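The next block holds one structure in the form of structure tokens; read it before the comments.
Given the structure is predicted, the values throughout are model-derived calculations rather than measurements. Numbering of ligands and ligand atoms starts at 1, following listing order.
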Amino acid sequence: MPAYHAAVEHERHPLPPEDITAAARTSFDGTPDARLRFLLQRLVEHLHAYARDVRLTTSEWEAAIAFLTDAGHRCTDRRQEFVLLSDTLGLSMLVDALQNSPQAGVTESTVVGPFHVDGSPVRPMGSSTAEQEGSGEPMFVSGTVRGIDGPPVAGAVLDVWQNAANRLYAVQDPDQPLENLRGRFLTGADGAFSFWAVRPVDYPIPDDGPVGRMLAATGRHPWRPAHLHLMVSAAGYHTVATHLFDRTSPYLASDAVFGVKPSLVVDFLAHGPHEPGAPEGWAGTWYSLERDFVLAPAEA
Ligand code: BEZ
Ligand code: FE
């Protein structure tokens with residue numbers, strides 16, 4: 001609101017007294033858990049400060065409640081509108097940054113997103129995550145998992161998931177087998193891994209709900225740059241949830257969820273169908289990507 005209007009509003013409706021905030025804050029004084037007490041009292045202070053700052057009106061407050069109610073109604077065991085909201089507000093990446101301070105040489109983390117599914121099938125090294133024809137152009141991914149201190153990490157788990165050529169993750173798409181394009185791969189003694197995936201494609205985050213309406217109302221697009229998700233874990237090391245982004249995507253600089261970090265942008269190398277290593281029976285272009293993952297030791 002322009003300053004002029006804010007001033008006029010202010011004359012008609014003086015700011016309410018601070019003791020509303022104090023009363024709400026002290027109502028939590030008896031919370032036995034100190035961290036919970038701290039979180040709730042700071043939440044009250046920040047929420048009240050926001051309402052005062054923007055001079056929140058009753059109809060705006062009602063619209064916010066209706067928005068959150070709608071977000072709740074959109075959640076199912078396959079759709080998480082609140083995660084989308086957190087992601088599109090930049091909150092998920094902020095929490096990620098607070099949790100995972102960058103360490104030179106260690107693979108950087110980024111947002112997990114709402115499409116990770118626990119318990120993906122453990123697949124043999126070198127096999128494919130694609131369970132259905134038409135999932136996309138084959139892409140061979142290989143590398144080594146090692147600790148920042150140097151040694152290859154045996155028994156590391158690479159949990160990978162991605163979308164198909166139709167832009168959808170299996171959990172969004174009843175026409176894909178539920179475990180399509182996801183799987184877990186376990187490194188051997190040499191820390192090496194390899195698997196076939198498909199070349200990921202740019203895709204819009206689900207935008208047919210309240211978060212999509214927020215993006216549309218604010219002139220923002222819902223697109224994410226093409227990426228492969230990986231969560232890499234190993235005993236004694238800090239788990240990293242990360243992406244590998246396609247350097248050719250036009251959305252690298254405007255990811256709807258702010259997840260791009262320069263160190264995670266890679267080249268998917270194109271190969272002809274007659275080049276060595278081509279997947280059997282595939283007559284088109286295929287891709288390869290070699291990438292190591294470097295883990296930090298878990299905090300003692
Ligand atoms: C994803 O990359 O899968 C994702 C992340 C945030 C919001 C929606 C999707
Ligand atoms: Fe994704």
Side-chain angles (χ1 to χ4, degrees), residues 70-72 74-97 99-100 107-120 129-130 135-137 139 141 158-173 176 178-184 195 197-216 218 220-232 239-266 268 289 291:
D70 198 7
R74 292 308 297 240
C75 292
T76 66
D77 55 354
R78 299 243 180 133
R79 166 126 181 198
Q80 234 306 345
E81 196 74 6
F82 287 109
V83 173
L84 279 186
L85 181 58
S86 165
D87 295 342
T88 50
L89 292 177
L91 180 62
S92 308
M93 284 306 291
L94 174 61
V95 173
D96 171 71
Q99 192 74 42
N100 302 296
T107 300
E108 287 196 281
S109 58
T110 187
V111 63
V112 174
F115 300 129
H116 176 258
V117 181
D118 282 335
S120 280
T129 59
S135 292
E137 299 171 293
M139 184 169 84
V141 186
L158 281 90
D159 187 347
V160 306
W161 70 105
Q162 68 164 129
N163 62 345
N166 69 358
R167 300 180 178 147
L168 296 174
Y169 286 79
V171 285
Q172 295 175 283
D173 183 2
Q176 290 181 47
L178 196 55
E179 295 180 340
N180 196 36
L181 298 177
R182 60 189 180 92
R184 285 179 292 166
F195 60 92
V198 298
R199 184 182 179 151
V201 296
D202 299 328
Y203 68 92
I205 63 171
D207 62 349
D208 56 348
V211 169
R213 289 203 306 276
M214 176 188 77
L215 296 179
T218 55
R220 285 177 58 185
H221 72 67
W223 289 84
R224 295 216 67 207
H227 57 269
L228 182 69
H229 292 260
L230 301 105
M231 188 147 11
V232 187
T239 298
V240 64
T242 191
H243 291 15
L244 296 173
F245 289 99
D246 182 351
R247 193 181 305 284
T248 66
S249 171
Y251 297 108
L252 284 176
S254 65
D255 181 3
V257 305
F258 313 100
V260 179
K261 293 178 176 175
S263 72
L264 305 180
V265 178
V266 297
F268 300 147
L289 167 66
R291 177 75 171 192

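In the vicinity of Ile205, heavy-atom distances shorter than 4.0 Å reach the ligand 1 atoms 7 (C), 8 (C), 9 (C). Ligand 1 places these atoms under 4.0 Å from at least one heavy atom of Leu84: 7 (C), 8 (C).
A salt bridge is defined here as a Lys NZ or Arg NE, NH1 or NH2 lying under 4.0 Å from an Asp or Glu carboxylate O, and Arg79 with Asp208 meets this definition. Ion pairing between a basic and an acidic side chain is recognised when a charged N comes within 4.0 Å of a carboxylate O; Arg213 and Asp70 show such pairing.
The NE2 atom of His229 and the NE2 atom of His227 subtend an angle of 90° at the Fe ion (ligand 2), given to the nearest 10 degrees.
Under the 3.5 Å distance criterion, with hydrogens and angles disregarded, a donor-acceptor pair is assigned to the side chains of Asp173 and Gln176. The closest side-chain donor-acceptor pair between His116 and Asp159 falls under 3.5 angstrom. In the model, Asn180 has no side-chain atom that pairs as donor or acceptor with a side-chain atom of Thr129 under 3.5 Å. Side chains of Thr110 and Thr242: a donor-acceptor N/O pair is absent below 3.5 angstrom, by distance only.
Among the atoms of Tyr203, an N, O or S atom falls under 2.8 Å from the Fe ion (ligand 2). Within the coordination shell of the Fe ion (ligand 2), defined by N, O or S atoms under 2.8 Å, His243 is absent. The distance from the Fe ion (ligand 2) to the nearest N/O/S atom of Tyr169 is under 2.8 Å.
The nearest protein atom to atom 5 (C) of ligand 1, hydrogens excluded, is given as Gly113 CA, 3.4 Å; this is a heavy-atom distance. The closest protein non-hydrogen atom to atom 1 (C) of ligand 1 is Tyr203 OH, 2.7 Å. Nearest protein heavy-atom contact of atom 9 (C) of ligand 1 is Pro114 CD, 3.4 Å. Arg224 NH1, 2.5 Å is the protein heavy atom nearest to atom 2 (O) of ligand 1. Protein heavy atom at the shortest distance from atom 6 (C) of ligand 1 is Asp87 OD2, 2.9 Å.
Classified by interplanar angle (parallel below 30°, tilted 30° to 60°, perpendicular above 60°), the ring pair Trp161/His229 is parallel.
The closest approach between any non-hydrogen atom of Trp161 and ligand 1 is not below 4.0 Å. By the 4.0 Å heavy-atom criterion, His229 is counted among the residues contacting ligand 1.
Aromatic rings of Tyr203 and His227 (six-membered ring for Trp) have centroids within the 6.0 Å cut-off, being under it.
Taking each heavy atom of Val198 and Ala130 in turn, the nearest pair found is CG1-CB, 4.3 Å.
Looking at Asn163 against ligand 1, nothing comes within 4.0 Å, counting heavy atoms.
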